[in-house]
Amino acid sequence: MTMAHTLTPTAEPATDIDDVARLLTPDGRRIPDADLDPWVADVGTDQLRALYRDMVLVRRIDTEGVALQRQGQLGLWAPCQGQEAAQVGTARAFRSDDFVFPSYREIGVNFVRGAKPEDFVLAWRGEEHSTYNPYDINTATPQIIIGAQALHAVGYAMGITYDGTDEVAAAYFGDGATSQGDVNEAMIFASSFQAPVVFICTNNQWAISEPVTVQAKFPIAGRAPGFGIPSMRVDGNDVLACLAAMRWAVDHARRGQGPAFIEAVTYRMGPHTTSDDPTRYRDPEELERWRRRDPIARVEALLRSQGAMDDEFVTSVAADADRLAAEVRSACLTAVSRTPLGVMDHVYEEPHSGLDEERENFRAYLEGFGDAAADAEGAGR
Amino acid sequence: MTQLTMGKALNEGLRRAMADDPKVLIMGEDIGKLGGVFRITDGLLDQFGAKRVIDTPLAEAGIMGTAVGLAYRGYRPVVEIQFDGFVYPAFDQIVCQVAKLHYRTRGNVKMPITIRIPWAGGVGAAEHHSESPEAYFVHTSGLRVVAVSNPHDAHVMLRQAIASDDPVVFFEPKRLYHAKGEVDLDTNLADAPPMGLARVAREGKDVTLLTYGAQVTTALDAATAAEDDGVSIEVIDLRSLSPVDYRTVEASVRKTGRVVVTHEAAREAGVGAELIASVTERCFNYLESAPVRVTGHDIPYPPAKLERHHLPDLDRILDAVDRVLDRPNSLTEVAR
């Protein structure tokens, strides 16, 4: 089956946010969609509650991250508030042995993949570039260079085909990344080699201060068919639709049908990072419009209508969220910096005489401080 | 030992590396049926099939970025950049991803990628086909950079580069592709000198001449010519530009007390600048005179009919030798 939800430009193609496939309306009503319904036929109340719980926890990590940055504990934070459904819904469609290449904003994706509390903060604190071993959770270290990871996912997927297995690779990137050559080259390579890769464009409407209309005058999902890649434009604030669309895409890739592309139309409620001020570039009315489409409130409304939002559940989710936030905070505040010589670790896999000599010189310099240097190394701040 | 051209020696290097390790695959533009524009990959498609000899779309960033993904998956990609001047579109993936992923992940993700670059001038090529971009990569921590000067090194060092768990930028001088030399195809890699070691290409006692790549041939010619003039030049083929084997370099400089560096690349912030700074730091008390560079001019690579004025030749090297020996030279009048 090929799904191509939107191929025709509309009056405001890049911004017509209701021209999307959807299963939950913004007020939380379940509506039918012939293409998507079969992919979530198994999702009952329990699974819906699990998705709700995921999103609440992700939002709580995000809130904690912003707070830690404001308190001077993190150098920077890239908030994902508003994008919980696009991240959790899509990431829940993968198997654990699939390999995901996220960008730096994919807090919810990494949460679903099994990231630990420290994995959300130590990079932003400046302790590590990557806190986890990518092979432990089959998730690449979050990518900061815009769109570079799309090619990595395709190369990984080519390796899957050479190995003859049925895993799938995936790349997450934003709407701004679709302007990058790497993302376009990734689609060419993926199509030419029929690589089992799924591209997920999280169209959150803004690339720092640039609206998506600067990147696209045509629905982003509409580009993929030009590369020979079937695509789908889905409501990124509808966790059920995101799960369904991604299940379709993953199944397509897993069955050897080649790549697929999902555009999740969503909104970044906060700034690009804690360094920018979105009030300088965004209309407050726009923010309010999107607030009424909140991905968590939408599922909550559905669960309430089903009588599945009892006090006990609400309390337990809130408790889980608070516990996780405390763990994130603790991981941040108890971080121990590596020793000064640690900056030279792991540049090369094999001995490199130039760097080895530099390390020895630096070691000799540090030793010149005697015990003071040792104390400083031990204290690690 | 077998008489082979450098091109054939490289071809055999790839063939053996692929035969030895099923995770080695090669990728690039026109490397399949055509066998590469220089025929370095000739016959490999027939032998190893399209899953290991991958003709790619014409997109250098795409080639390099997918190689990163393949390395993530446990493969050992050998990438051919068709010409030196075409590596720039892949620059971001090389310096931001290939070079850094091992560091970024504290050694959990290895990037055993070999980036083969047909390199430098002297073959009368079109614009963008004669570039010497080595300094960009030497400046990038996380990469190893090597440049070969003869068929035997080309064969052995290519196999070493592919076997290395680090990414290696591998420069192949185009103008030596057809030069013949003795190659020991049965070299046991464990016994061969590591690719990080320099080679004393010719012993001498008056001046140390540091160089690499195709310029080694020119340097050796200069040394032969100088001998008639009673000057004994020691020629060192660096082989590796990151790391540089300073142990060999220092030993030579301490013996001769005089240093000339020659390379095709432009002078400003080039490899020669780094070599002379390092030699001065390490051997200042042994130096009898200020070291001198003989390089390409600080200009975009000129049109082919003019490239002989750009590439350092035997006479420019000998003029520099006169300078470090404080003999009359082209700058004597200028100084006066």
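Labels below follow one simple rule: chain letters A, B, ... track the order of the sequence lines, proteins then strands, and each chain is numbered from 1. Every value quoted in this text rests on a predicted model; they were computed, and no experiment measured them.
Heavy-atom contacts from other residues, nucleotides or ligands closer than 6.0 Å to CZ of Phe227(A) number more than 12. Tyr365(A) OH: 12 or fewer foreign heavy atoms inside a 6.0 Å radius. Within a 6.0 Å radius of CZ in Arg282(B), more than 12 heavy atoms belonging to other residues, nucleotides or ligands are found. Residue-environment remark: OH (Tyr136(B)) stays at or below the threshold of 12 foreign heavy atoms within 6.0 Å.
Listed options Ser164(B), Pro89(B), Ser278(B) were ranked by heavy-atom pairs under 4.5 angstrom with chain A; first place goes to Ser164(B). Chain A forms more heavy-atom pairs under 4.5 Å with one residue of Ala67(B), Ala59(B), Gly69(B) than with any other, namely Gly69(B). Interface check for chain A: of the options Arg247(B), Met111(B), Arg144(B), the most heavy-atom pairs under 4.5 Å are formed by Arg144(B). Between chain B and the residues Pro134(A), Gly354(A), Ala123(A), Ser192(A), the most heavy-atom pairs under 4.5 angstrom are made by Pro134(A). Considering only heavy-atom pairs separated by less than 4.5 Å from chain A, the leading option among Leu101(B), Leu143(B), Thr56(B) is Leu143(B).
For a residue to count as touching a neighbouring chain, one of its non-hydrogen atoms must lie under 4.5 Å from one of that chain's; by this rule Val244(B) touches chain A with the backbone only. Heavy-atom distances place both the backbone and the side chain of Val343(A) under 4.5 Å from chain B. Looking at Gln180(A), neither its backbone nor its side chain comes within 4.5 Å of chain B, counting heavy atoms on both sides. Heavy atoms closer than 4.5 Å to chain B are found in the side chain of Asp182(A), but not in its backbone. Within the 4.5 angstrom heavy-atom criterion, atoms from both the backbone and the side chain of Glu349(A) approach chain B. Within the 4.5 angstrom heavy-atom criterion, only side-chain atoms of Tyr135(A), from C-beta onward, approach chain B. Neither the backbone nor the side chain of Leu355(A) comes within contact range of chain B; no heavy atoms are under 4.5 Å apart. Using a 4.5 Å cut-off between heavy atoms, Asp163(A) contacts chain B through both its backbone and its side chain. At a 4.5 Å heavy-atom cutoff, the contact between Asp92(B) and chain A is made by side-chain atoms alone.
Seen from the ring of Tyr162(A), Lys51(B) does not count as a face-on cation partner, given the 6.0 Å and 45° thresholds. Cation-pi check for Arg223(A) over Phe261(A) is not met; the charged atom does not lie both under 6.0 angstrom from the ring centroid and within 45 degrees of its normal.
Using a 4.0 Å cut-off between charged side-chain N and carboxylate O, Asp166(A) and Arg95(A) make a salt bridge. Looking at Arg239(B) and Asp245(B), no side-chain N of the basic residue comes within less than 4.0 Å of a carboxylate O on the acidic one, giving no salt bridge. A salt bridge is defined here as a Lys NZ or Arg NE, NH1 or NH2 lying under 4.0 Å from an Asp or Glu carboxylate O, and Arg106(B) with Asp345(A) fails to meet this definition. Using a 4.0 Å cut-off between charged nitrogen and carboxylate oxygen, Arg363(A) and Glu358(A) do not count as a salt-bridge pair. Salt-bridge formation is not detected for the pair Asp20(B)/Arg16(B): no Lys NZ or Arg NE/NH1/NH2 atom is positioned less than 4.0 Å from an Asp or Glu carboxylate oxygen. A salt bridge does not link Glu127(A) with Arg338(A): none of the charged nitrogens is closer than 4.0 Å to a carboxylate oxygen.
Near-neighbour residues of residues 136-153 of chain A relative to chain B, defined by a heavy atom under 4.5 Å from a heavy atom of that chain, comprise Ala140(A), Thr141(A), Gln143(A), Ile145(A), Ala148(A), Leu151(A), His152(A). Among residues 110-118 of chain A, no residue has any heavy atom closer than 4.5 Å to a heavy atom of chain B.
For Phe99(A) and Tyr72(B), the distance between ring centers is under 6.0 angstrom. Annotation: Tyr88(B) is not in aromatic contact with Phe91(B) [ring centroid separation under 6.0 Å not met].
Relative orientation of the His352(A) and Tyr348(A) rings is parallel, given thresholds of 30° and 60° on the angle between their planes.
What you find for Ile31(B) and Ile54(B) is that their closest heavy atoms are CD1-O, 3.6 Å.
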